[in-house]
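First the proteins, then the strands, lettered A, B, ... as listed; each starts at 1.
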Protein chains: 2
Amino acid sequence: MSYPYGIFSYDIASPRAGVLVGDHILDLELIGLLGFFNDLSLDPTVFTKPTLNEFMELGRPVWREVHQHIADLLADDHAALKDVAGQVLIHRSRATLHMPVRVGDYTDFYASEEHATNVGRMFRPDGEPLLPNWKHLPVAYHGRASSIVVSGTPIRRPKGQFLGPENKPSFGPSKALDFELEMGIVIGKASKLGEPVSVDEAEDYVFGFVLFNDWSARDIQRWEYQPLGPFLGKNFGSSISPWIVPLDALEPFRVAGPKQEPTPLPYLQTTKPGHFNIDLEVTLQPTNGPEQVLSRSNARHLYWSAAQMIAHHTVNGCNLNVGDIMATGTISGPTPDSYGSLLELTWNGKQPLTLPDGSTRTFLQDGDTITMRATAKSGQTTVDFGEVSGTIQA
Amino acid sequence: MSYPYGIFSYDIASPRAGVLVGDHILDLELIGLLGFFNDLSLDPTVFTKPTLNEFMELGRPVWREVHQHIADLLADDHAALKDVAGQVLIHRSRATLHMPVRVGDYTDFYASEEHATNVGRMFRPDGEPLLPNWKHLPVAYHGRASSIVVSGTPIRRPKGQFLGPENKPSFGPSKALDFELEMGIVIGKASKLGEPVSVDEAEDYVFGFVLFNDWSARDIQRWEYQPLGPFLGKNFGSSISPWIVPLDALEPFRVAGPKQEPTPLPYLQTTKPGHFNIDLEVTLQPTNGPEQVLSRSNARHLYWSAAQMIAHHTVNGCNLNVGDIMATGTISGPTPDSYGSLLELTWNGKQPLTLPDGSTRTFLQDGDTITMRATAKSGQTTVDFGEVSGTIQA
């Protein structure tokens, strides 16, 4: 058992590491100060840092030692902590959550076949929906790390250049602001420049997973993206959930992915199932209306696995650093109620959604709050990823 | 007068800041220890750090105070340093040069009209060479920061996926390894998320310029780049020169850029000349042959200025951090001997170059060393950017 890790502050306490335990957060800085980590092989001051990077750098054997030790402390209704439970378990309502990692490089993949197919159908109606390379490699591009923010941070509607009336370039606030339902892989181990990570070793480099909302301005993106890909249509902001669910917590949810046909090249082949059965949900809440579910999807709908993404990313020798994030790309399922973006849900604005308050949406309006949640369940085991939420500001 | 800044080590001295003074490097850590910075407003321990980021974070008023103070110390044959000159001025041959900055995000523009036109002519022979957006905005994409290395670091030939015989995806070492002659803008001031930097303020965010070689594997790039842009064809390595020439040193070389027609949107308009007259040169040296000039170009050939790149990059609210690098894209001039890549110099391999040793090149061979140099001259003033060099390893 391992709990989600994050960075939080409360009252006058500065940001520190914690794990999420139901409605409470276990304060790992305080646990360390009280001597509960004294028998472990790590220096517990790693939990006093404002991000988890230093902890992640210690490597999986230490992560596992800590996961297990925390599970022991919390076992039997946290009997081991009984004298200090009131002090070290902070109710979530008292906590402010912070960025859990200092992000190095951020890469965004395009790994859902349904999403890539939908986009292809919309924008290349006369051609094959998938481009020729799509089933041979996990297509990806580099994103902007500086503008990744934690859940709860408002997102300002970006201004930019797009084609206006008579196809003239014009400037103004984006009129086609969208979300993208993704998960983010948090890299916990560095690799060396020039040395590929094999697909079978790739999961060794994963600390855990977060929810990821890759906000997109479709009008800006459409005008700028030829020939070098998305830029200002994406880099005004991306939101991540504050809790990183360790890979070790996801073993009960491991499943095989879709059959890959044609068979990918050997460097992308692995026999170990590399997908995870994680339920995903997106809701929209307008300023004065009720929250409404827009989409229900599942991480297992991805075509390419995290291990394949990492193997591909490094096959040319590109190096990974602790704190890098790789996002999956929009995770759309096979049915229209499982599409992971408004672009797909409204079929590029042609089929507006009607909300319970009677208003309609093609793209996001100011004041709209998008919330993504994820839960994995298997038998008695449930892992809650928490949520990533953001409200659009004018 | 301001000198180029870098990070260097020598003998048993750990990496520290220095400025390049002809054949010598002035050791700024030692100068600080000896009290020569005591009357300035900065804490001289910023020069003991392994990168220049902490110094850059102090801002332009401090940069200028330091530039001036160093110029005073070095004036009149460094009279002020006469008792310690032998100690604080280290001959370049004794020094090892390091990455001058800890790179945050790296962005690569596509700002040379000649380069974009050449690429368009090669790959879209039946269409307009420039895509419709090109003259309306500085096209760019995000690159990989982790694999930026300092001059002298060998570059391993990347392996990857590309189309082989019968257009089947195949895997192996790239057969179309290229360089790209670029300059890099080093950001020295952070901006806030959500707050655009205007084109007239944009140069306030520039600490200085470096030479930048954006190594490219054309075969990998060609197969992967649709629809999201370059990825593994670029991110196996980029090389920068170790010396950052401060913007303040480039004032004598400021020139107007090409007339921009059609007039760009107001957020990209400025009356201040934003280009710089900097001579650029690329040479190739094979393992056992003489060095040969491949190209001579000039930074003034760029269509978009650094100020326009920054204004565009932030117009949607994307934030900058100290240490970010924006590269210009390949700087090709109007004549074939001024093209900044082998792709253009050999017209996609159709016109091989013959080297003095009789061998020919379409793309780079193992053992080839590519060196780029830059110099700006105006009247009595010369600024030497040094060089960025890299040798291809199998």
Side-chain angles (χ1 to χ4, degrees), chain A residues 104-108 110 119-120 123 131-133 136-137 139-147 149 153-156 158-161 167 169-171 174 193-194 196 217 220 223-233 235-237 265-267 312-313 315-321 324 393, chain B residues 104-108 110 119-120 123 131-133 136-137 139-147 149 153-156 158-161 167 169-171 174 193-194 196 217 220 223-233 235-237 265-267 312-313 315-321 324 393:
Chain A
D105 278 292
Y106 152 49
T107 301
D108 196 20
Y110 192 51
V119 171
F123 296 118
L131 288 169
N133 58 13
H136 294 282
L137 53 84
V139 169
Y141 67 102
H142 296 298
R144 181 84 188 174
S146 71
S147 53
V149 295
T153 308
I155 297 295
R156 286 203 204 174
K159 291 182 179 178
Q161 214 183 112
N167 273 342
S170 65
F171 180 81
S174 168
L193 186 62
I220 295 172
W223 172 229
E224 74 177 356
Y225 91 105
Q226 291 280 19
L228 299 181
F231 184 53
L232 299 191
N235 67 13
F236 57 92
L265 286 165
Y267 79 92
H312 183 64
H313 202 316
V315 73
N316 67 344
C318 179
N319 57 325
L320 308 178
N321 284 319
D324 289 350
Q393 282 185 342
Chain B
D105 278 292
Y106 152 49
T107 301
D108 197 20
Y110 192 53
V119 172
F123 295 118
L131 288 170
N133 58 13
H136 294 282
L137 53 85
V139 169
Y141 67 102
H142 295 119
R144 181 84 188 175
S146 71
S147 53
V149 296
T153 309
I155 298 294
R156 285 203 205 174
K159 292 184 180 175
Q161 213 182 113
N167 274 340
S170 65
F171 180 82
S174 168
L193 186 61
I220 296 172
W223 173 229
E224 74 177 357
Y225 90 106
Q226 292 278 21
L228 300 181
F231 184 52
L232 299 190
N235 66 14
F236 58 93
L265 286 165
Y267 79 93
H312 183 65
H313 201 317
V315 73
N316 67 346
C318 180
N319 57 323
L320 308 178
N321 284 319
D324 289 350
Q393 282 186 342

Using non-hydrogen atoms only, which part of [X] is less than 4.5 Å away from chain B: side chain, backbone, both, or neither?
X        : value
A/Ser170 : backbone
A/Leu265 : side chain
A/Leu131 : side chain
A/Tyr267 : side chain

Q) If only atom types and distance count, is the side chain of B/Arg144 paired as donor or acceptor with the main-chain N or O of A/Asn319 below 3.5 Å? A)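 The answer is yes, because a donor-acceptor pair under 3.5 Å joins these two groups.
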
Q. Do side-chain atoms of A/Gln161 reach the backbone of B/His136 as a donor and acceptor pair under 3.5 angstrom?
A.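 Yes, because the side chain of A/Gln161 sits within donor-acceptor range (under 3.5 Å) of the backbone of B/His136.
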
Q | Interface residue of largest heavy-atom contact number with chain A, from B/Gly317, B/Gly194, B/Ala217, B/Gly233, under 4.5 Å | A | B/Gly194

**Q.** Choice from B/Asp324, B/Val149, B/Ile220 maximising heavy atom contacts with chain A below 4.5 Å
**A.** B/Asp324

Can you name the closest pair of heavy atoms from [X] and [Y] and give their distance?
X        : Y        : result
A/Ala140 : B/Leu228 : O-CB, 4.4 Å
A/Asp105 : B/Ser146 : OD2-N, 2.9 Å
A/Tyr141 : B/Phe231 : CA-CD1, 4.2 Å
A/His312 : B/Leu232 : O-CD1, 3.0 Å

Q: Give the member of A/Gly104, A/Pro132, A/Gly160 that has the highest number of heavy-atom pairs under 4.5 Å with chain B.
A: A/Pro132

Q: Could you look at B/Val119 and say if it's the side chain, the backbone, both or neither that has a heavy atom under 4.5 Å from chain A?
A: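 Contact with chain A is absent: no heavy atom of B/Val119 under 4.5 Å.
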
